[in-house]
Amino acid sequence: MVVLDKSEQFLKLRCADADRKAITRTKTENRLVRILLGVQKLCTQAGYSDSGFWGWSQVDKIRKFEQEVVVWEDGTVFERCRFCGQKFTLFNRQHHCRVCGLVVCGDLERECSLEVPCNMLAEKLNIPEVESVDSVYPLRMCTECRRVVFSARNFERDCRAPAPAVLRLHQQLKRNQREISALMPVFEAQLKGMDQQKSVKQKNGSQDASGSLAELKRTRHALLKLFSNYEKITRRVQGLHMDTHTEQVLKDHCVAEASQYMERAMAPLQNMNMPVAMQYNERRSRDRDEILKLQNQILVMEEQQFLLENQLMEAKSRRHLDEVVPLEQSLNELSAEITRYHDRLDMLEQLNENI
Amino acid sequence: MSGLLNEVTLSYVDRLVEDNGRAKVLLLDSDTTAILSLASTQSRLLRKDVFLIDKIDNYQRQKMRHLDCTVFVRPTSASISSVLEELHDPKYGKYSLVFSNLLRKSQLERMAEADDYSCVERVQEMLLDYLKINTDFFHCNVPIPWASSYQTWDTEAFETCSESMFAMIASLKIGKPQLRYDINSSLSRQFVQKLGQELQANSGILPSSNKKGQNLVLVLDRFNDPVTPLISHWTYQAMVDELLGIVNNRVDLHLAPDVPPSHREIVLSQDQDAFFKDSMFLNFGDLGAAVRDYVQHYSSKSKSSEQLETVADIKKFVDMLPDFRKLQDNTTKHVSLVGELSRLVSEEHLLEVSEVEQSLACSDNHSSDLQSIRKLIALPNLSPVIKYRVVCLYGLRFRTNSQFQFGQLMQALKIQYGDNALDSSVHTLMKIYSANKFPQEDLFSQGSLFNRAQLGLKGLRGVENVYTQHKPLLESILSLLVRNKLPIEKYPFTAPPNGEQELGCVLIFVIGGVTFEEARVVGEWNKLGNTPKVILGGTDVINPKKFLRVIEETNWS
């Protein structure tokens, strides 16, 4: 395998270019600010600030001001729009970008240039100097100037905006996964320790293993809680509403990976011989222990129920009819079993309360 | 046997996407889509949170700037412009740019210049620039290597193949291997020269060899053995390719009757399918038995799932359900596939055809062969490709026979089908051989059989039968090569060999396409755990249909 890293070289090259770009951006931005402030002043003087109607003399004044800030290109030299290459005609008229002065077409579909109201530009620019600009006078800007001034802003704004729900939940899933993989080896070590203690106990006939057993149970409980939490988040992802096909695919794949993770991570837990380690008699806490045990078992069974439901859905959607029958059967039996456990749990809890 | 290319490509795939727990999108071009689909599975990518995969030149992609993006493309000019376009208006938040081969400095500069938003965080060259079919078999996805004659390379194909081979040599960690070529083929000579220059120019990045012994690259020419791609072979992988076509390890069964809708497109991959791994080189007879055993294995498993009485049973069932479903899926797949194969064998009269082909290739019965060919031509429902193929074999085989009836046979076919592409392909092939550049005795297997007998080698395959008498030339070349007996006059070195006799790793490359039958030869050699390890590649993978089509599509002058 050969992987060569070019990142450093790339970053160096990018840096070398960055200064030049920053200067262009500042220059363009400064011109835009000057024009916005100037136009605002002229509009306020004439008292037309939001009427939406300008007399010819007014427009002429503004145009003269605009040309003071930016030198307009001589339109007679150009036959075609520099961006789209379209020929200028009676209907496809020449326009000037107010920020760079270049000759462009005004085709609304291709957006080589667009007229944007001053107040919107000021709002998008979002810097203190232009806060006061509220004129709706339209300013024509070419696509390149719009890109230079606004697209980096848009990019940063998009990246800083709160992430969509599916990604936030995905991050939660990942945190949960990390916790599970941190706890799993602890649990395995404790279980191993229990088995060793048990054999020692059998030899010596001594009794006190309750301390480490309680520890083991705590860990197991914590693990199961993590798993059930994981499953809950997965269900929330599944329940999210998605607007577009791409988002739907993103969500589906997120759910698919989450349930595959559950299968992978639960496998060692299911293979461990818990009940043997759990069996011990200590009268006083017997009921409480049974309640805990029941709760744990219900959790495990509910997780299995969830897995089964998923598999059943998948089998149905894939039309694996021969799988559907045994799956439905086992699902029913499992549900019945869960109900039975719940009944027993309720009974015990009531008993406990009565005492 | 694992190792070899599987190991290499998987470790590449694991390096491709960072394991940072963030949701990712992966952008590919058409080259890397094929490369990656052969090197990895979707679930492997899912594990690394790759939730979206798309083409880099799809400009309709939705903007999702909270996603990270990994771009994996071949550094072609088209793909680099797509990357520039993407950086110009980034749809995602952060980018990793990974290229399947070495970048030119100007390409790196243009991308750095385009990265206005500083959204690129990683740039890497990852030398994974070949399509891995089996763990010891790859190709470069270049269907037509020739320009206007069988002695000249197409310029673009020449670049692509040498880049691909450079990537292969580098990723195998075999240092700077020795190069050998075929004295009869100017294409192979040009290729090793170019390869030698590339290796010299980039020797700094070539990892040193981690294998004992001398490593070797041997470049061969398809036209030195046109017989192997013209006859039918009877092993699983080769048959599927010939009768149904394998494209990037995928088989399209839409045209097959009696195939369940879920299995209309299937994947045949050695590293994902244990049954296929064991049966891919079985001949058709043994394959039937293997599939039968497999079905029995499945039904015994499925019986045990019928008895679900206690919660413990259910639990067990749930635990093994994923495996069970995989088994069921795979059984259906192979049963469908083998069923379709045997349907096609009888529909295409393949047993009769194969008998004639083998007789043409391996014995010397001009008059009886001629008779059988006439019989085949007369069959109304035999496909024209097969008829032309057999006549082509006849033409190559009996070119010097005094009773040569090639013209007559071609005339008979012309009456049936008129002027067509196959007709001109066969004539082109005959013209190439009448130029007498390629020695006749090597084309057919007496030569190679004789050599094998001399070596006292029993053949790499066990049982022989009438349909599998012909052995590809590659088999005898390989058996000579591994014993250091491959004649230097015929297969010279570019630089005088050093003292080292023992071979460590051998990379064989066939210009003009390589067949699954030849992949079997190499696969079975490696399966025995022999040294040297052998890896086989070609400009493309071909079968009889494809071979004749490629001959047709080349612009021969």
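So you know, we letter chains A, B, ... as the sequences are listed, proteins then strands, and number each from 1. Values in this document were obtained by computation on a predicted structure and should not be read as measured data.
What you find for A:Arg14 and B:Val120 is that their closest heavy atoms are NH1-O, 3.0 Å. Considering every non-hydrogen atom in both B:His66 and A:Ala161, the closest pair reads NE2-O, 2.6 Å. In terms of heavy-atom proximity, A:His170 sits nearest to B:Arg22 at CE1-C, 4.0 Å. Smallest separation of non-hydrogen atoms from B:Cys119 and A:Phe155: CB-CZ, 3.8 Å. Closest approach of B:Ala112 to A:Leu13, counting heavy atoms only: CB-CB, 3.5 Å. Heavy atoms only, all atoms of each residue included: A:Val249 and B:Leu52 are closest at CG1-CD2, 3.7 Å.
Comment: B:Asp116 engages A:Lys21 in a salt bridge, judged by a side-chain N to carboxylate O separation of less than 4.0 angstrom. In this structure, A:Lys174 pairs ionically with B:Asp49, as a charged nitrogen and a carboxylate oxygen lie closer than 4.0 Å.
Counting heavy-atom pairs closer than 4.5 Å to chain B, the top residue among A:Asp17, A:Leu167, A:Val3 is A:Val3. Interface check for chain A: of the options B:Arg325, B:Lys94, B:Arg61, the most heavy-atom pairs under 4.5 Å are formed by B:Arg325. Interface check for chain A: of the options B:Gln42, B:Met111, B:Arg47, the most heavy-atom pairs under 4.5 Å are formed by B:Arg47. Counting heavy-atom pairs closer than 4.5 Å to chain A, the top residue among B:Pro90, B:Ser11, B:Ser118 is B:Ser118. Looking only at heavy-atom pairs under 4.5 Å with chain A, the residue among B:Leu128, B:Leu67, B:Leu127, B:Asp54 that has the most is B:Leu127. When each of A:Arg20, A:Arg147, A:His245, A:Gln177 is scored by its heavy-atom pairs under 4.5 Å with chain B, the top score falls to A:Arg147. Contacts with chain B were tallied for A:Lys12, A:Glu257, A:Met1, A:Glu8; A:Met1 has the most, counting heavy-atom pairs under 4.5 Å. When each of B:Glu121, B:Met64, B:Glu113 is checked for heavy-atom pairs under 4.5 Å with chain A, B:Glu113 comes out on top.
The environment of A:Arg110 atom CZ is dense: over 12 non-hydrogen atoms of other residues, nucleotides or ligands sit within 6.0 angstrom. By the 6.0 Å contact criterion, CZ on A:Arg264 is enclosed, its count of non-hydrogen atoms from other residues, nucleotides or ligands being greater than 12.
Proximity to chain A (any heavy atom under 4.5 Å) is shown, for B:Phe99, by neither the backbone nor the side chain. Both the backbone and the side chain of A:Glu247 come within contact range of chain B, with heavy atoms under 4.5 Å apart.
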B:Leu46 vs A:His253, side-chain contact (heavy atoms from CB on, under 4.5 Å): CA-CA, chis, key distance, verdict
CA-CA 7 Å; B:Leu46 263 185; A:His253 283 162; 3.7 Å; yes
Residues B:Glu125, A:Lys6; criterion side-chain contact (heavy atoms from CB on, under 4.5 Å); working and verdict:
CA-CA 7 Å; B:Glu125 295 161 334; A:Lys6 294 274 162 175; 3.1 Å; yes
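A:Gln9 CD to B:Glu109 CD: the interatomic distance, rounded to the nearest 0.5 Å, is 8.5 Å. Distance CG/A:Asp158 to CZ/B:Arg65: 5.0 Å, rounded to 0.5 Å.
Without hydrogens or angle criteria, B:Tyr117 side chain to A:Glu156 main chain gives no donor-acceptor distance under 3.5 Å. A:Thr246 places no side-chain N or O within 3.5 Å of a backbone atom of B:Gln62 that could act as its donor or acceptor partner.
Residues A:Val2 and B:Pro207 have side chains in contact (heavy-atom distance under 4.5 Å, counting atoms from C-beta outward).
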